[in-house]
Amino acid sequence: MLDINLFRADLDAATEQLKRRGINFDGEHFSELESQRKTIQVRTQALQAERNSRSKGIGQAKAKGEDIAPLLAEVGNLGEQLKAAEEELQGVQAELSAIFMELPNFLHEAVPEGKSEDDNVEIRSWGKPTTFDFDPRDHIELGAQLEQMDFDIASKITGSRFVTLSGPLARLQRALTQFMLDLHSEEHGYRETYVPFMVNSESLKGTGQLPKFEDDLFKLSGDSGYYLIPTAEVPVTNIVRDTIIDANKLPLKFVAHTPCFRSEAGSYGKDVRGMVRQHQFEKVELVQIVRPDEAEEAHESLTNNAEMVLQKLGLPYRAVVLCAGDTGFSATKTYDIEVWLPGQQKFREISSCSHFGNFQARRLKARWRNPETGKPELVHTVNGSGLAVGRTLIAVMENYQTEEGRIRIPDVLKPYMGNREII
RNA sequence: GGAGAGGUGGCUGAGUGGCCGAAAGCGGCGGUCUUGAAAACCGUUGAGGGUUUGUCCCCUCCGUGGGUUCGAAUCCCACCCUCUCCGCCA
């Protein structure tokens, strides 16, 4: 959530910021609500103060054994006035809060202007797109030929956008997961974390998926109100919701492997074939909770941590900074890492690393105690995929394929594959 | 699923209608003492918001949401969570 004080202090500047997001903020409506809020709040608090002092007076009179009947009569309809004022205030505050809950984060000044992913800017690349002396197959064909990846069976079991893996290919996905978890926990200093795969709506509000993006989520029936997680970011970041963290505990660095569930509403016709866009997929997620002055650096290093997975796997990739129109709701700046997929002859997103500033922290009430001020202040949050396991599996399959349609095992995965060389 | 107990400040824990934002202890911070440290002693120490910039005043918060009352941590209702026992069960 954005800081309402930025809007009070300089409404024009705030409105300008939102324009970069393509949002026309109704400043007049806001100002009107704000002045209402001010008036009503002052009145409400004055009434509360009066109630308190009169009640106190009655208490003291009673303690002295005086007759309190005249004092009670004086109170009159104060209670009713107060109740009305409190309800009015609540109404205005709810309206303001609803507006702010739906406003996206301000963009970092380094974010390039632009409307779609075509306007993202490459910042670096690693490796060269893999070349073959035969026509490379895509993962769908490879998986089918190996008889270890089946979309038809999955659609029978459940529906479209699911997959079954079997045999060595299923193990390869597990190997990738293990490899990533080990790399980040042993070499990059993240704490391995296991979390619930279902969350309540408070957690989803905290990280920004709700209230605006309910359609992208799977909600459980029944009265729990729980949702399947769209990413481990939700349960992991909510670890620090409603807490004040000691300065010496920061930064907190978590790595978690979870399945992710996304309804992919609005993506009909996109990546309908194959494992690129599924309702269920595995992901290893990196989350950092940091001091504000260390956030930029944390974002860079977290992105590097994610890239290291691809380097160790020997998969060519490039990193881009997302343009204004492509940057997600809660993020102030996002780097996407795109891996080379020979089957599509394209770079495809395999990780998205975002810096949220204090946007999530404000919703989460996640704070740290700044030793310099002695006061609780909002932390900053940074996270990214490290990596999307399903897409990494695809990338390994397509980049490591042989002419016969088999898959060589990257060196770093061999220990996790019983030293197997090839599938 | 059934029966019972309980949710209070960073922690432990008192508080059954007004003098309670809340005892006491621990912890934290500052100081005295000390060559230094410990101990001891003294002081201090919740969060959010409003008004204002007059650092004076005011408001809210004792699991959450309602209610009763002039007045609620305290009484009533609903819900959530934790613990114990029984049942069922990976």
Side-chain angles (χ1 to χ4, degrees), chain A residues 1-9 30-31 33-101 194-206 210 219-220 222-227 235 238-250 252 259 289 358 360-379:
Chain A
M1 196 156 62
L2 291 168
D3 184 358
I4 193 168
N5 287 315
L6 296 174
F7 288 74
R8 290 175 182 156
F30 168 77
S31 301
L33 278 175
E34 252 298 280
S35 75
Q36 275 180 37
R37 189 225 93 226
K38 213 166 177 174
T39 313
I40 299 166
Q41 185 163 357
V42 168
R43 190 169 79 233
T44 304
Q45 293 189 353
L47 287 167
Q48 286 171 329
E50 187 177 348
R51 174 203 59 196
N52 291 346
S53 71
R54 285 191 185 274
S55 294
K56 206 170 205 173
I58 292 172
Q60 286 165 349
K62 206 174 171 186
K64 288 183 205 151
E66 294 168 6
D67 180 17
I68 61 169
L71 291 172
L72 285 179
E74 269 179 42
V75 170
N77 65 347
L78 186 61
E80 284 159 42
Q81 284 181 54
L82 179 55
K83 194 174 174 189
E86 279 174 343
E87 276 168 10
E88 205 180 343
L89 178 62
Q90 214 176 351
V92 176
Q93 280 176 333
E95 215 173 321
L96 276 166
S97 145
I99 290 172
F100 275 76
M101 284 298 278
Y194 174 82
V195 290
F197 302 158
M198 301 175 203
V199 292
N200 58 36
S201 60
E202 278 309 301
S203 292
L204 287 156
K205 281 179 199 160
L210 287 181
K219 185 173 191 178
L220 273 58
D223 48 18
S224 73
Y226 296 161
Y227 296 79
N238 273 277
I239 288 172
V240 298
R241 171 151 54 93
D242 292 320
T243 58
I244 299 172
I245 304 161
D246 287 343
N248 60 23
K249 293 253 175 66
L250 296 179
L252 294 172
I289 312 296
N358 62 22
Q360 290 184 324
R362 185 168 289 105
R363 291 172 164 240
L364 293 160
K365 295 183 185 66
R367 293 159 296 172
W368 68 300
R369 195 171 295 277
N370 185 345
E372 284 173 29
T373 61
K375 291 286 173 195
E377 296 172 14
L378 295 171
V379 297

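Throughout, a chain's letter reflects where its sequence line sits, starting with A, and its residues are numbered from 1.
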Using the [atom1] atom as the point on both nucleotides, what is the distance between [M] and [N], in whole Å?
N      : M      : atom1 : value
B:rC57 : B:rA5  : C1'   : 44 Å
B:rA47 : B:rC11 : P     : 13 Å
B:rC41 : B:rG25 : P     : 11 Å
B:rG49 : B:rU44 : C1'   : 24 Å
B:rG15 : B:rC20 : C1'   : 8 Å
B:rU55 : B:rG50 : C1'   : 15 Å
B:rG87 : B:rG27 : C1'   : 43 Å
B:rG9  : B:rU45 : C1'   : 11 Å

Spacing between [X] atom [atom1] and [N] atom [atom2], to the nearest angstrom:
X        : N      : atom1 : atom2 : answer
A:Lys249 : B:rG28 : NZ    : C1'   : 13 Å
A:Asp246 : B:rG27 : CG    : P     : 16 Å
A:Gln60  : B:rG17 : CD    : P     : 19 Å

Would you say the side-chain atoms of [X] pair up with the backbone N or O of [Y], donor to acceptor, closer than 3.5 Å?
X        : Y        : answer
A:Asn200 : A:Ser203 : yes
A:Arg363 : A:Met101 : yes
A:Arg362 : A:Met1   : yes
A:Asp67  : A:Ala69  : yes

Mind checking who [N] pairs with, Watson-Crick or G-U wobble, both distances under 3.5 Å?
N      : value
B:rA47 : B:rU60
B:rU32 : B:rA40
B:rG21 : none
B:rG6  : B:rC81
B:rC75 : B:rG67

Check: Closest approach of A:Val379 and A:Ala361, non-hydrogen atoms and distance?
Finding: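 Smallest interatomic distance, heavy atoms only, reads O-CB, 3.1 Å.
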Notebook entry, point to check: Does A:Asn52 have a side-chain nitrogen or oxygen under 4.0 Å from the phosphate oxygens OP1 or OP2 of B:rU60?
Noted result: yes
Should [X] and [Y] count as side-chain neighbours, where that means a heavy-atom distance under 4.5 Å?
X       : Y       : result
A:Ile99 : A:Phe30 : no
A:Ser97 : A:Gln93 : no
A:Glu95 : A:Arg37 : no

Item checked: Ionic contact status for A:Lys205 with A:Glu202, cut-off 4.0 Å ->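 Salt bridge present between A:Glu202 and A:Lys205.
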Notebook entry, point to check: Taking it one step at a time, do A:Glu88 and A:Gln36 satisfy side chain to side chain donor-acceptor pair (under 3.5 Å)?
Noted result: CA-CA 10 Å; A:Glu88 205 180 343; A:Gln36 275 180 37; over 6 Å; no
Check: Tell me, for nucleotides 63-77 of chain B in 5' to 3' order, what letter each nucleotide earns: B for a base near a protein heavy atom under 4.0 Å, S for only sugar-phosphate near one, - for neither?
Finding: ---SS--BS------
Note to self: What does the B/S/- profile of nucleotides 43-52 of chain B look like, 5' to 3', with a 4.0 Å heavy-atom cutoff to protein?
What the structure shows: ----SSBSS-
